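Below: the structure, in structure tokens.
All figures in this text were calculated on a predicted structure; none of them were measured in a lab. Convention: sequence-line order gives letters A, B, ...; per-chain numbering from 1. Note that these values count all heavy atoms, side chains included, but never hydrogens, waters or copies made by symmetry.
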6 protein chains.
Amino acid sequence: MKKLIRGLDKFRETYVDSHQELLGQLAHSQTPRVLFITCSDSRVAPNLITDTDVGELFVIRNAGNIIPPYGAANGGEGGTIEYAINALNIEQIVICGHSNCGAMKGLLKLNKLQKDMPLVYDWLKHAESTRRMVQETYPHYEGDDLIEVLVAENVLIQIDNLKTYPIIRSRLHQGRLKIYAWIYNVETGKVLAYDARTHTYIPPEGQLLDDDDTVRSYVSCGDNTAVVPI
Amino acid sequence: MKKLIRGLDKFRETYVDSHQELLGQLAHSQTPRVLFITCSDSRVAPNLITDTDVGELFVIRNAGNIIPPYGAANGGEGGTIEYAINALNIEQIVICGHSNCGAMKGLLKLNKLQKDMPLVYDWLKHAESTRRMVQETYPHYEGDDLIEVLVAENVLIQIDNLKTYPIIRSRLHQGRLKIYAWIYNVETGKVLAYDARTHTYIPPEGQLLDDDDTVRSYVSCGDNTAVVPI
Amino acid sequence: MKKLIRGLDKFRETYVDSHQELLGQLAHSQTPRVLFITCSDSRVAPNLITDTDVGELFVIRNAGNIIPPYGAANGGEGGTIEYAINALNIEQIVICGHSNCGAMKGLLKLNKLQKDMPLVYDWLKHAESTRRMVQETYPHYEGDDLIEVLVAENVLIQIDNLKTYPIIRSRLHQGRLKIYAWIYNVETGKVLAYDARTHTYIPPEGQLLDDDDTVRSYVSCGDNTAVVPI
Amino acid sequence: MKKLIRGLDKFRETYVDSHQELLGQLAHSQTPRVLFITCSDSRVAPNLITDTDVGELFVIRNAGNIIPPYGAANGGEGGTIEYAINALNIEQIVICGHSNCGAMKGLLKLNKLQKDMPLVYDWLKHAESTRRMVQETYPHYEGDDLIEVLVAENVLIQIDNLKTYPIIRSRLHQGRLKIYAWIYNVETGKVLAYDARTHTYIPPEGQLLDDDDTVRSYVSCGDNTAVVPI
Amino acid sequence: MKKLIRGLDKFRETYVDSHQELLGQLAHSQTPRVLFITCSDSRVAPNLITDTDVGELFVIRNAGNIIPPYGAANGGEGGTIEYAINALNIEQIVICGHSNCGAMKGLLKLNKLQKDMPLVYDWLKHAESTRRMVQETYPHYEGDDLIEVLVAENVLIQIDNLKTYPIIRSRLHQGRLKIYAWIYNVETGKVLAYDARTHTYIPPEGQLLDDDDTVRSYVSCGDNTAVVPI
Amino acid sequence: MKKLIRGLDKFRETYVDSHQELLGQLAHSQTPRVLFITCSDSRVAPNLITDTDVGELFVIRNAGNIIPPYGAANGGEGGTIEYAINALNIEQIVICGHSNCGAMKGLLKLNKLQKDMPLVYDWLKHAESTRRMVQETYPHYEGDDLIEVLVAENVLIQIDNLKTYPIIRSRLHQGRLKIYAWIYNVETGKVLAYDARTHTYIPPEGQLLDDDDTVRSYVSCGDNTAVVPI
Ligand SMILES: [Zn+2]
Ligand SMILES: [Zn+2]
Ligand SMILES: [Zn+2]
Ligand SMILES: [Zn+2]
Ligand SMILES: [Zn+2]
Ligand SMILES: [Zn+2]
């Protein structure tokens, strides 16, 4: 705790002193451009890994970066997402999983958790789609490979869950929202981003074209153009 | 999004290059010493404001840094807390509110939210104790003063909610857990910490005594020594 | 009731007498090939409109052919879907909306329903994504046109909800399940089927190619090929 | 799927062509006289077995024709029932179980289901009254006899559940609603109806007296005449 | 509080001293013969009004003597009922309403309660069947007459809710349980008991025949004799 | 049942006759001064053990005198508490556990209960904090000693749960509510009261000072004086 308190001092002496104008602008409102959803894991530090300042990332963090489908949970995820999109008009969402994720490991020994950590068990049941799909589709995987595929598929499944929220669905349909799938490697500090065209995770620089709009997102307006009943 | 992707590059070139040993140690496990619960607000950046490295803070973030009482919600809060204390053996929790919090403002216009942002409304109902207590106890407050007291009381109320969780209750009773109440000022970058002796929020340096154990926590073992039935 | 009882007689005298062999085969087990999800509306009669015999369609019917996302409801929908796919190994799902649907009309006057028909209100809240998306995306629609687009979008949204179920997600990923979106016109008796390539509803004959596999479904394995992390 | 699509054609060519007037009348509203609640089982086809046209039966179907008590579930059952009685003013309900029902068989191996088909397990827990009562009252039954009594008792128990719904309770009390218990034999195509006087299931023709009102229902107004406090 | 503490003294000096043998027998177990369910109202004191000793009545008390249907609530009612019947083998249940009941009055102004006392509102929604049935069946009642009929019908409706619990259903079917409906008048101290034969509440002495078994209960085994499928 | 009916007679002949004035005063309203929360156990008779008349105690009774945290349950506890404090303006709450409590014994064999008494199991899960804390803090206790400490700690934990209710929190903060922890010994008829100063349960007479206000309560206004942010 003493270390933390000394850190507070250092923050004021360095960052605050050099960002007076920014902090002044942010005193009475925030205008973040990205909703960043990631794991509670201590090795994933959103502002550090994206080299962003205060005011840039609106952040949701829980074990496993899980977003239960609309209506399935009454915790902080739903209301915070709605606030981000509806009140702050954020137009970009990143869901960022990470290597060596304890929550994904937990999925592989759910039954043991039920007795020892019942609340972790209840929470991970929201990722049952991840567990079941990976175990049935990749029966030959094990060890680190299995964790790796769990992490990768889990992010995509949480994005599908995100799409069941009314505000998300509506904004996607109107072309006003993009959702990105990332995986952060806690050892190398590198990020891979999902590329919908190739169904692979690739370095995000590879998606960087001329302007922001052409970064290839997992879900964008193109996916859901208006239905035209005959 | 391009800015974010360039930030990833910068992070690797600077932070990762200079912290190779740390990242290597963290590759296969984490050993954070603090569970840091704070608002999703973009102006609150836990690692920045405490000047901590990756691996130090296990973080939960939602709108309003609200922790519903045990059993009241099935979102990420409960399972993530249990994982932090039970699996990672974290012994210190900080709940950190902040000035100008949009969630606290939302508490003052709940009825309007019910129609426009139903999920935000549902979520903020978990902080009904904060709303009701402040409005009935401070009927003469308004404007920034009212928000300020909402923020301050809300952190203490969430700590009382925290105490209803089995793992929290048990560890507190055994003297193996301390919980701290903080308020972060988004304009000045300063933190105030709750001082249980004086029932005030004061600069945390004022609580810093000779060693870590003597930092005055909101709730510690002293609160709950064993009951001795006659 | 007398009419119904006389109908039972007529059924035995005609259908049963002429389908003795079929009924004998079905006496101890069923092997339906399609899970047919449709509205409770009396004008939608699955076996009649598809000219199918007993034993062919496993049927779920509720007001509005709504499938709440995984975990969002504990009514019959989830368990019945799981039973159909997991126990009966059904590989084709049709969700069939219909013209002039009372449930879709109800979505347009939800607030009035809250007082008069609270359970209908609660149920239709599971289709809030349909209501919100259509009202925000088609603000200029009204009357029959508005109902028509509600019906059409609702079926697609329910299919997205379906995809959040573990067994559905897993089977889709393995290429063992196809989902079709239909709209039945109660006046003309005609069905339109969603065509994913053109984002329109078209007569299903237009999708009939050489063999069953090439009927274009809303969701099939192609949508979800394996993720290949680098 | 091709078979289904061809069936649609056949339906239009035969049924639609010969029922143009009926379909025209039904184009803008429905006036079904019966709410028919039955199992999703493919062998139970309400319109076929009662030889009824489109427009006659408002239908709810789920695995096991289970109606959870009022307040116990938030799936489609409650809202659809309320819509049928409150909006459509239906005055007759049939709950129709059937021989060889997979859901009833599932009740006998619930524990096994918990792991393999968790949603089926959760759903069948709503029929725990059926399971417990039958196993404790008929301990000597087994095989087909046991399934038969489960099916028979289950329908009566679901009717008792129905009676806990506000709209059902109110209409019963006013003598404006009758509820019938049926069992359909998938092999013989015969239906038996519960006779409240003799506590047995008998051929419904035996209940057919001079007019519709005298068909003996399981629950009618007589059951609940006004309480007269002294 | 001082009055209460002095009452404790008086209890020991009078009751305890004169019931030493009874208290000794009860020291290590209880064998109550009746489950008594009544309102929390201070004017209803089960042991006083039935002149019973400690050890005779197992008691559930909440506002309005409401028993939500099986599965509709996770409060103390369900578990306590199950414990009474399953663990203590109690064979008689009394549900006792009372005149001038505040909860029943609350049913008549539910909407006002929603804002001021949200938890009371939520609780009374479990008695929506009472409210709706009485308001629709007795539209001409008002004032004390209306409260009186609410109280009387509410007890019967809660008994119907009781019947949806697995243990209750099973024991009723086996003829091992009887349920009685009482109304206690807080002004006169008199009780009326429901008489199923005449559908009226009458003085319970009128039901007292030769032996205990012949007291006419609301629900007993006769109601649910075994179904005999042909 | 005959014994009960005769008790009703005796109550009228003795108590009612000698308390005509009191019953008259209570005919149209109640003004109890204490909310008394205790176990359903037949050996705990609130009015008897406190020698109080009708009209004095507003009573909640369930198995184990458990109060789930705010939002964790939708049974009678929450609404009844809110009614007591908000509508009746009660300012004193007693939670009274008791020796030899079957619910506390049940906590020690929860897993066995899950199968045999699932509703008891579900209910006792609300006291998981009691179970876990006692088993982890008093690992060397067993038999009667273990039950005794479970009972004693459980009452304190339920009081912490009480504090999460909005109305409780607000009234405590305003100094308008006191909460007392009692344990009743079913064999000796004696009560012990928790003394917050010494963290022990002592005879309540020892807390009786000059006037009512000085009885030492477990939780009172002193606990929660206003927060003064700097
Ligand atoms: Zn993780
Ligand atoms: Zn905030
Ligand atoms: Zn419809
Ligand atoms: Zn079936
Ligand atoms: Zn009452
Ligand atoms: Zn007890």
Side-chain angles (χ1 to χ4, degrees), chain A residues 1-2 4-5 7-8 10-12 15-16 23-24 26-28 30 32 34 40-43 45 47-52 54-63 66 73-80 82-83 86-87 92 100 117 119-120 122-123 186-187 189-191 204-205 208 212 215, chain B residues 1-2 4-5 7-8 10-12 15-16 23-24 26-28 30 32 34 40-43 45 47-52 54-63 66 73-80 82-83 86-87 92 100 117 119-120 122-123 186-187 189-191 204-205 208 212 215:
Chain A
M1 188 48 54
K2 282 166 76 176
L4 231 58
I5 293 175
L8 293 172
K10 186 153 180 218
F11 168 67
R12 283 206 309 282
Y15 193 91
V16 172
L23 270 70
L26 294 172
H28 298 297
Q30 59 173 329
V34 174
S40 292
D41 192 293
S42 63
R43 295 164 294 181
N47 287 92
L48 292 186
I49 70 173
T50 59
D51 194 54
T52 40
V54 294
E56 294 195 78
L57 303 180
F58 190 80
V59 181
I60 293 174
R61 297 184 68 173
N62 61 41
I66 293 166
N74 66 342
E77 289 76 19
T80 309
E82 191 181 69
Y83 186 83
N86 214 350
Q92 296 177 106
N100 198 246
M117 295 193 233
L119 296 180
V120 174
D122 289 345
W123 174 236
V186 297
E187 183 169 14
K190 287 185 188 164
V191 159
E205 296 81 355
L208 212 42
D212 199 355
V215 176
Chain B
M1 189 47 55
K2 282 166 75 175
L4 232 57
I5 292 174
L8 293 173
K10 187 154 178 216
F11 167 67
R12 281 205 310 281
Y15 192 91
V16 172
L23 271 70
L26 295 172
H28 298 298
Q30 58 174 331
V34 174
S40 291
D41 192 295
S42 63
R43 297 164 294 182
N47 287 92
L48 291 186
I49 70 175
T50 59
D51 194 55
T52 40
V54 296
E56 296 194 77
L57 303 180
F58 191 81
V59 182
I60 293 174
R61 296 184 69 174
N62 62 40
I66 293 166
N74 65 343
E77 289 76 18
T80 309
E82 192 181 68
Y83 186 82
N86 215 350
Q92 297 179 106
N100 199 247
M117 294 192 236
L119 296 181
V120 175
D122 289 345
W123 174 237
V186 297
E187 184 169 12
K190 287 184 188 164
V191 160
E205 296 82 354
L208 248 188
D212 200 355
V215 177

* Could you give me the CA-CA distance, side-chain angles and deciding distance for L8(A) and T50(B), then say whether side-chain contact (heavy atoms from CB on, under 4.5 Å) is met? => CA-CA 5 Å; L8(A) 293 172; T50(B) 59; 4.1 Å; yes
* What's the verdict on side-chain contact (heavy atoms from CB on, under 4.5 Å) for D51(A) and L4(B), showing C-alpha distance, side-chain angles and the deciding distance? -> CA-CA 8 Å; D51(A) 194 54; L4(B) 232 57; over 6 Å; no
Nearest heavy-atom pair of [X] and [Y]: which atoms, and what distance?
X: V120(A); Y: Y83(B); value: CG2-N, 3.7 Å
X: T80(B); Y: S40(A); value: CG2-OG, 3.2 Å
X: N62(A); Y: G76(B); value: CB-CA, 4.2 Å
X: R43(A); Y: A27(B); value: NH1-O, 3.7 Å

Where does [X] contact chain A at under 4.5 Å (heavy atoms): side chain, backbone, both or neither?
X: L26(B); answer: both
X: R12(B); answer: side chain
X: N100(B); answer: side chain
X: V34(B); answer: side chain
X: N74(B); answer: both
X: V59(B); answer: both
X: Y15(B); answer: side chain

* Relative to chain B, which segment of I60(A) carries a heavy atom at a distance below 4.5 Å: side chain, backbone, both, or neither? -> both
* Asked: What part of D41(A) lies closer than 4.5 angstrom to a heavy atom of chain B: side chain, backbone, both or neither?
  -> both
* **side-chain contact (heavy atoms from CB on, under 4.5 Å) evaluation trace for L48(B) with V54(A)** => CA-CA 8 Å; L48(B) 291 186; V54(A) 294; 3.9 Å; yes
Under a 4.5 Å cutoff for heavy-atom pairs, which residue among [options] has the most contacts with chain B?
options: N47(A), T52(A), I66(A); value: N47(A)
options: I49(A), L57(A), D122(A), V16(A); value: I49(A)
options: G24(A), G55(A), P32(A); value: G55(A)

* To do: Mark yes or no for whether Q30(A), through its side chain, and S42(B), through its backbone, hold a donor-acceptor pair below 3.5 Å.
  => yes
* **Rounded distance (nearest 0.5 Å) linking atom CE of M1(B) with atom CD of Q92(A)** => 4.0 Å
* Asked: So L23(B) and E187(A), side-chain contact (heavy atoms from CB on, under 4.5 Å) or not? Walk me through it.
  -> CA-CA 5 Å; L23(B) 271 70; E187(A) 183 169 14; 5.5 Å; no
* **Electrostatic pair R61(B)-E77(A), nearest N-O below 4.0 angstrom** => no
